[in-house]
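All remarks here apply to the structure that follows.
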Amino acid sequence: TATDSTPVSYNHQRKVFHDDAGNFWAFYWDGSNTVYTWSSDTATWENTVSQAFSTTGVDNPSVWFHDTGSTKIVYIVGDASTNDGDVNVRRGTISGTTITWGTEATSTVSGSNVASKIAFITRDTSGYLWIASSMKPTPTTYNVAAARSSATDSVATWGAATTLRDTSVSVNYAFPTILPLSGGDAYAFWYVDGNIEGKKYTASTTSWGSQESIATTTASVTTKIPSAVVDGSYNIDLVYSDSSGAIQHKQRTSSWGSATAVDSASGNTSPTITRETGTGDLYVFYLQSTGQVKGRKYNGSWSDVTGIDTSTTTKTYITSPYAVSAAWKVAWLWDQGGSSPYEVKIARVPEFEELAIPIGVVAAIVLLPRLARRSRRAARGADA
């Protein structure tokens with residue numbers, strides 16, 4: 001059972017991936033720790049559930065999978081319950097069904113102490129790791145910041161964090177993402193109290209560019225955070241839920257284009273996007289106003305991902321892999337339940353030979369008893 005309703009928050013973070021060696025991996029918060037487990041098909045989750053961080057109480061995990069061709073690596077960031085300016089970060093190597101973790105480190109992302117930081121981790125095309133996180137530049141204001149590792153493929157030490165948004169806000173609704181571009185460049189974007197904005201980092205000058213306005217949506221919620229991927233030409237495909245709840249898509253080449261509707265219906269929340277690298281197809285999953293999971297695929301035009309479980313049980317967040325090498329590795333992970341006990345569930349697109357059966361191969365991940373986390377919930381307020 002679970003006493004907390006959001007073990008897979010938040011939708012912009014990545015918590016599930018396929019390792020291209022036979023296994024799916026899912027990470028979530030069990031009420032006491034960030035934990036993970038694996039499955040070969042997403043339908044059976046009877047394997048060992050392990051703790052991801054050596055520090056107890058690390059919440060809101062975000063993972064990034066990197067395959068060198070000879071080594072499969074997972075990077076993870078999260079925030080401990082301590083009221084400080086640091087986030088916890090770790091590097092693990094996957095071998096079969098085992099992740100061997102290195103020494104846990106911390107990165108200072110906030111100038112003032114804050115109890116609940118929401119972070120995102122990525123690896124750039126030069127091999128450096130980046131963390132983007134919510135933070136407090138002063139004791140009474142909130143913003144987002146980014147920090148880069150001091151060495152490639154190492155989480156041991158980090159450079160000083162850079163505050164990204166031009167203006168801070170007085171409410172704790174700040175959720176950043178950072179993604180790799182060509183030549184070691186990076187792009188950070190964020191939801192800050194209804195404003196969706198971004199900045200590009202240029203590696204050759206080690207500097208951040210001007211702030212770019214992307215969109216606006218409902219303020220003071222946690223269910224309208226944008227999600228994005230980068231394509232093979234280093235264009236950014238971003239999805240978000242607008243103020244009416246329509247799911248919109250925007251692409252950035254050298255600048256941001258106009259919005260096009262993925263789903264023009266109202267009341268949709270928590271969008272997440274995945275890119276299939278072989279075809280360039282995009283998959284977007286989100287929660288409808290009824291609570292049902294909805295999926296749309298883009299390969300020149302948008303079409304429904306059919307056969308998704310029609311359950312309308314209350315859901316808050318859904319997430320999916322950043323990128324996959326085949327359509328059947330597209331999975332989506334969500335939380336479910338209107339009262340305790342709550343569930344974590346996962347489904348995936350089937351392989352071709354499985355198309356005779358329903359597309360949603362769904363299984364509940366058994367959750368350990370969970371404790372309420374004051375710092376994680378109380379700062380958020382009601383979502384819309």
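If you read the sequence from its start, that first residue is 1, and numbering goes on from there.
A donor-acceptor pair under 3.5 Å is formed between the side chain of K117 and the backbone N or O of D86. T125 places a side-chain N or O within donor-acceptor distance of the main-chain N or O of G184, the cut-off being under 3.5 Å. Remark: the backbone N or O of I225 is paired with a side-chain donor or acceptor of N11 at under 3.5 angstrom. Side chain of S107 to backbone of V87: no donor-acceptor contact under 3.5 angstrom is found. Panel note: side chain D19, backbone A21; a donor-acceptor pair is recorded below 3.5 Å. One N or O on the side chain of D335 and one on the backbone of T316 form a donor-acceptor pair closer than 3.5 Å. Between the side chain of T202 and the main chain of S204, no donor-acceptor pair closer than 3.5 Å is present. With hydrogens and angles ignored, the 3.5 Å screen pairs no side-chain donor or acceptor of T313 with any backbone N or O of Q336. Side-chain atoms of T162 never come within 3.5 Å of backbone atoms of L164 as a donor-acceptor pair (strictly under, hydrogens ignored). Side-chain N or O atoms of D263 include none that pairs as donor or acceptor with a backbone N or O of I247 at under 3.5 Å.
In this structure the side chain of R275 never reaches within 4.5 angstrom of the side chain of D237, judged on heavy atoms. At least one side-chain heavy atom of H249 sits under 4.5 Å from a side-chain heavy atom of Q251. Side chains of V35 and Y28 form a contact here, defined as non-hydrogen atoms less than 4.5 Å apart. At a threshold of 4.5 Å between non-hydrogen side-chain atoms, the residues Y317 and T222 count as touching. Looking only at side-chain heavy atoms (C-beta outward), N143 and V192 stay at 4.5 Å or farther from each other. Side chains of Y298 and V284 form no contact here, defined as non-hydrogen atoms less than 4.5 Å apart. Y191 has its side chain within reach of P226: a pair of non-hydrogen atoms, C-beta onward, lies under 4.5 Å apart. In this structure the side chain of I178 never reaches within 4.5 angstrom of the side chain of Y201, judged on heavy atoms.
Aromatic rings of F65 and W25 (six-membered ring for Trp) have centroids beyond the 6.0 Å cut-off, not under it.
Using a cutoff of 4.0 Å between basic side-chain nitrogens and carboxylate oxygens, D153 and R123 are scored as salt-bridged. With respect to K72 and D20, no salt bridge is recorded, no charged nitrogen being found less than 4.0 Å from a carboxylate O. Ion pairing between D281 and K297 holds under the 4.0 Å rule for side-chain N and carboxylate O. Electrostatic pairing of D304 and R296 counts as a salt bridge here, judged by a charged N lying under 4.0 Å from a carboxylate O.
T106 approaches W158 most closely through the heavy-atom pair O-CD1, 3.7 Å. S116 and S134 make their closest contact through O-OG, 4.1 Å (heavy atoms, listed as atom of the first residue, atom of the second, distance). Taking every heavy atom of both residues into account, W45 and A26 meet most closely at CH2-CB, 3.9 Å. Looking at every heavy atom in both residues, Q288 comes nearest to N268 through CA-OD1, 3.4 Å. Between I346 and T42 the shortest heavy-atom distance is CG2-O, 3.7 Å. The minimum heavy-atom distance between S154 and S149, with the atom names listed, is O-CB, 3.3 Å.
A 6.0 Å sphere centred on OH of Y75 holds more than 12 heavy atoms belonging to other residues, nucleotides or ligands.
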Q.
I'd like to know whether F120 forms a side-chain contact (heavy atoms from CB on, under 4.5 Å) with L179, so could you lay out the CA-CA distance, the side-chain angles of the two residues, the decisive distance to 0.1 Å, and finally the verdict.
A. CA-CA 9 Å; F120 188 99; L179 299 179; 4.2 Å; yes

Q) Do V63 and Y36 pass the side-chain contact (heavy atoms from CB on, under 4.5 Å) test, and can you show the C-alpha distance, the side-chain angles, and the key distance before you say yes or no? A) CA-CA 11 Å; V63 301; Y36 64 94; over 6 Å; no

Q) Do T274 and K329 pass the side-chain contact (heavy atoms from CB on, under 4.5 Å) test, and can you show the C-alpha distance, the side-chain angles, and the key distance before you say yes or no? A) CA-CA 10 Å; T274 295; K329 298 175 184 177; over 6 Å; no

Q. Would W332 and T272 count as a side-chain contact (heavy atoms from CB on, under 4.5 Å) if you check the C-alpha gap in whole Å, the side-chain angles of each, and the deciding distance to 0.1 Å?
A. CA-CA 9 Å; W332 51 101; T272 179; 5.7 Å; no

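In this structure, OG1 on T68 lies 5.5 Å from CD1 on I73, to the nearest 0.5 angstrom. Between the OG atom of S50 and the CH2 atom of W101 there is a distance of 9.5 Å, given to the nearest 0.5 Å. The line from CZ of F24 to OG1 of T37 is 13.5 Å long, rounded to the nearest 0.5 Å. Note that CZ of R148 is 7.5 Å distant from OG of S126, once rounded to the nearest 0.5 Å. From S255, atom OG reaches atom CD1 of I214 across 11.5 Å, with rounding to the nearest 0.5 Å. Between the OG atom in S289 and the NZ atom in K294 there is a gap of 11.5 Å [rounded to 0.5 Å].
A side-chain donor-acceptor contact under 3.5 Å links T218 and K224. No side-chain donor-acceptor contact under 3.5 Å links N60 and Q13. Inspection of the D193 and S220 side chains reveals an N or O donor paired with an N or O acceptor under 3.5 Å. T141 and T138 share a side-chain donor-acceptor pair at under 3.5 Å. No side-chain donor-acceptor contact under 3.5 Å links T217 and D242. Using a 3.5 Å distance cut-off with no hydrogens or angles, the side chains of T269 and T223 do not pair a donor with an acceptor.
For the pair R14 and Y322, the NZ or CZ position fails the cation-pi test of under 6.0 Å to the six-membered ring centre and within 45 degrees of the ring normal.
Between F285 and Y283, the ring planes are parallel. Angles under 30° get that label, and only those over 60° would be called perpendicular.
Hydrophobic clustering of Ile, Leu, Val, Met, Phe, Trp and Tyr side chains at less than 4.5 Å, counting indirect connections, keeps V230 apart from Y128. Hydrophobic clustering (side-chain heavy atoms under 4.5 Å, transitive across Ile, Leu, Val, Met, Phe, Trp, Tyr) keeps M135 apart from Y10.
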